[in-house]
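Starting from 1, each residue takes its place in the sequence as its number. Keep in mind it's a predicted model, so treat the numbers as computed, not measured.
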Amino acid sequence: MRLTIRARMRAWTAGAAVVVASAGATATAPAAASHGDRYDRAIEAIMHKPIYEHAQWGLLEVDPADGRMIHSQFANQFFIPGSDTKLVTISSAWHTLGPDHRFTTPVYAVGTRTGSTLSGNLALVAQGDLTMGGRTEPDGSVDYTNVDHTSANDLPGATLTPEDPLAGIDQIAQQVRDAGITRVDGDVIIDPRLFTPPPLDPQPTPLIINDNLIDLLTTPTTAGQPARLTWRPQVAPYTVTSTVRTVAAGGATNIQVSASPDGTQIAVSGTVAADSQPILRTSGVHDPDAFGRTALIEALARAGVTVTAPPTGPNPQGQLPAAYGGDPRVAAYVSPPYSQYAKLILKVSHNLGANLALCNMATFEGKTDCFDAFPIERDFLTDVAHVPSTQFQLEDGRGGYATERATPIGLSQILKYWLGTPDADAFRLSLPILGVNGSNAISCTDCPAKGKVFAKPGTVIGQDLLNARLAVADQSQAGYLEAGDGRLLIFVDMVNAAAVPDLQGVVEVFNDTNVISALLQQQAAAHGSRHAWKQGLKTG
């Protein structure tokens with residue numbers, strides 16, 4: 001799961017929704033076909049737990065081969081989808097850009113060359129690359145951890161990938177040196193004119209380095225001693241100080257992060273228990289363009305290129321030319337294919353990447369307003385996926401607004417669309433896999449359904465101050481189940497308006513939706529195997 005906040009609502013990873021024939025306490029709509037076996041009874045018992053007294057469950061399970069509806073309840077009703085919104089956004093972006101699309105971020109030499117000296121400026125033209133090489137593995141894939149560093153301030157267990165966040169910037173700097181430039185009598189400028197950053201949270205920007213975050217890793221030492229702090233990426237004028245102290249094993253671990261108004265002076269304070277694992281926190285980069293400019297100047301210095309302009313300070317965007325028609329390109333960073341970015345976004349519910357996908361679609365069509373992506377999404381749904389766009393109400397790319405809605409039917413139709421494409425397997429494997437990886441790695445780690453459920457989860461929670469508890473506006477799972485005869489079934493399983501006493505209750509709701517998906521998979525495997533035996537087929 002991952003946590004994000006908007007207007008007192010917290011949107012964690014959202015999945016899809018599955019509805020059994022028997023509903024929770026308030027679910028009274030007629031149900032479609034149901035097996036009526038022990039799996040259904042187990043699912044019904046979950047839905048009748050006290051924390052769901054006033055909640056509403058949505059469930060849909062269909063066989064895409066013949067359209068047979070196995071379970072259905074409130075399948076055509078709107079639910080808050082949370083991060084299941086990403087299924088719409090990323091499906092549309094995958095189709096619009098193409099799975100093999102790569103972002104090429106060029107650097108132009110604007111001025112005149114005399115030998116190895118450029119009298120003028122280097123201009124890096126940002127292209128909306130999500131990672132700029134900061135997660136790229138040697139084989140070209142994009143690395144991730146099950147609890148991403150973008151969730152570090154909200155969820156326990158966040159860890160870092162081992163790749164250097166400045167890898168792409170370093171490659172660009174080396175290319176500039178390889179182009180024969182050793183001195184720039186001028187400046188380095190980030191060109192951010194690709195799109196106007198939209199008022200979304202998190203806000204996508206044309207240049208993104210390390211998700212526009214500074215990583216702060218605190219490691220305990222011995223009780224009574226200062227803890228050890230490491231941080232990255234280290235770019236001037238950002239500095240970090242730590243007053244975190246190590247306390248005895250079993251003591252309180254409580255780490256706070258504060259920053260100066262411009263984000264450049266970061267302080268880490270608090271305590272960490274001696275037996276604790278390293279604790280990751282993050283602090284935001286307030287000015288990605290200025291940050292990127294300095295990062296590139298510092299990388300050029302490491303590569304043996306001198307820049308006469310001061311390395312820190314604002315990005316001098318006003319010095320950019322109107323176009324680069326006659327200016328030579330002296331470097332370019334080429335990203336991994338978009339399918340790798342889609343996998344990252346879906347596996348860890350990467351909110352920044354999902355919002356950026358809107359901008360990627362808009363700029364691909366020649367627009368500078370990221371909200372111009374919504375007509376592109378609507379056309380994709382209607383004309384390509386053949387899903388009525390009215391099955392959804394969307395405001396962003398990630399599912400961060402409490403006003404957003406989706407029906408189980410709409411989500412299932414997107415999932416069905418994928419099964420008819422050449423990228424069906426690649427998309428399915430981009431989803432979190434139950435008990436194996438991504439947002440659903442922590443559930444069902446030793447159950448029979450482990451590795452057989454591929455689903456996007458999501459959560460939206462907020463505070464119920466009146467009753468001193470938490471309100472789970474949404475918890476859902478949407479994806480595919482492996483049946484016993486090797487078929488894939490589509491399911492959506494959603495619950496809205498549950499009430500829990502604390503964060504442990506939120507985890508319980510999250511686990512309940514995963515238990516339901518596991519039960520559906522086991523049921524499908526059992527019935528699928530019997531069906532295959534009756535038909536004389538070899539079971540999977």
Restricting to non-hydrogen atoms, name the atom on [X] and the atom on [Y] that form the minimum distance, rounded to 0.1 Å.
X    : Y    : answer
P316 : V188 : CD-O, 4.2 Å
I181 : V184 : CG2-CG2, 4.1 Å
P237 : Q265 : O-NE2, 3.4 Å
G438 : Y144 : N-CE1, 4.2 Å
S83  : N351 : OG-OD1, 4.2 Å
P202 : N355 : O-ND2, 3.0 Å

Please evaluate residues T421 and F427 with respect to the criterion side-chain contact (heavy atoms from CB on, under 4.5 Å), reporting the C-alpha separation (whole Å), side-chain torsions for both, the decisive distance (0.1 Å), and the verdict. CA-CA 10 Å; T421 71; F427 177 78; over 6 Å; no
Under a plain distance cut-off of 3.5 Å, with no hydrogens placed, do [Y] and [X] share a side-chain donor-acceptor pair?
X    : Y    : answer
T294 : T312 : no
S349 : S439 : no
D215 : N210 : yes
N254 : T271 : no
Y341 : N360 : no
S339 : D423 : no
Q174 : D170 : no
N514 : N440 : yes
Y108 : D191 : no

Does [X] reach the side chain of [Y], with side-chain heavy atoms less than 4.5 Å apart?
X    : Y    : value
L213 : H149 : yes
L130 : Y338 : no
R293 : I189 : no
F364 : H101 : yes
D425 : W418 : no
H350 : D211 : yes
T85  : L394 : yes
I214 : P233 : yes

Rounded to the nearest 0.5 Å, what separation is found between the [atom1] atom of [X] and the [atom2] atom of [Y]?
X    : Y    : atom1 : atom2 : value
L356 : I345 : CG    : CD1   : 7.0 Å
T368 : F195 : OG1   : CZ    : 10.5 Å
I172 : I169 : CD1   : CD1   : 5.0 Å
L346 : I90  : CG    : CD1   : 5.5 Å
S260 : I266 : OG    : CD1   : 7.5 Å
L411 : K416 : CG    : NZ    : 15.0 Å

Backbone of [Y] reached by a side-chain donor or acceptor of [X] within 3.5 Å:
X    : Y    : result
K450 : T445 : yes
D129 : M132 : yes
D143 : T136 : no
S335 : F103 : yes
K367 : C359 : no
Q340 : P337 : no
S276 : V272 : no
S92  : V88  : no
Q175 : A332 : yes
K347 : L431 : yes

For side-chain contact (heavy atoms from CB on, under 4.5 Å), just list the numbers for I255 and V268, CA-CA rounded to whole Å, side-chain angles, deciding distance to a tenth of an Å, and then say yes or no. CA-CA 7 Å; I255 295 176; V268 186; 3.6 Å; yes
For residues 117-127, dump all side-chain donor-acceptor pairs below 3.5 Å to protein atoms at least two apart in sequence or in another chain.
from, atom 1, to, atom 2, distance (Å)
N121, OD1, D187, N, 2.8
N121, ND2, Q319, OE1, 3.3
Q127, NE2, V125, O, 3.4

Heavy-atom neighbours of [X] [atom1] exceed 12 at 6.0 Å:
X    : atom1 : answer
R228 : CZ    : no
R329 : CZ    : no
Q277 : CD    : no

Step by step, would you call S269 with T243 a side chain to side chain donor-acceptor pair (under 3.5 Å)? CA-CA 5 Å; S269 61; T243 57; 4.8 Å; no
Between F380 and Y417, is the ring centroid distance below 6.0 Å?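 Ring centroids of F380 and Y417 are less than 6.0 Å from each other.
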Do the two ring centres, one from F291 and one from Y238, sit under 6.0 Å apart? yes
Which is it for N153 and T282 under the side chain to side chain donor-acceptor pair (under 3.5 Å) test, yes or no, and what are the steps along the way? CA-CA 6 Å; N153 292 347; T282 61; 3.2 Å; yes
Run the salt-bridge test on R102 and D100 with the 4.0 Å N-O cut-off and return the result as yes or no. no
Note: K86-D396 ion pair, threshold 4.0 Å (strictly below):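 So K86 does not pair with D396 through a salt bridge.
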Please report the C-alpha distance between V387 and T382 in whole Å, then the side-chain angles of each, then the deciding distance to 0.1 Å, and finally whether the side-chain contact (heavy atoms from CB on, under 4.5 Å) criterion is met. CA-CA 5 Å; V387 180; T382 303; over 6 Å; no
Test side-chain contact (heavy atoms from CB on, under 4.5 Å) applied to D139 - qualifying residues, sequence neighbours left out: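 For D139, the residues satisfying side-chain contact (heavy atoms from CB on, under 4.5 Å) (neighbours in sequence not counted) are E137, S141.
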Which residues satisfy the side-chain contact (heavy atoms from CB on, under 4.5 Å) test with P311, sequence neighbours excluded? I297
Which is it for L434 and S443 under the side-chain contact (heavy atoms from CB on, under 4.5 Å) test, yes or no, and what are the steps along the way? CA-CA 7 Å; L434 187 63; S443 294; 4.1 Å; yes
Apply side chain to side chain donor-acceptor pair (under 3.5 Å) to the pair N212 and T205, showing each step before the final yes or no. CA-CA 9 Å; N212 291 338; T205 51; 3.1 Å; yes
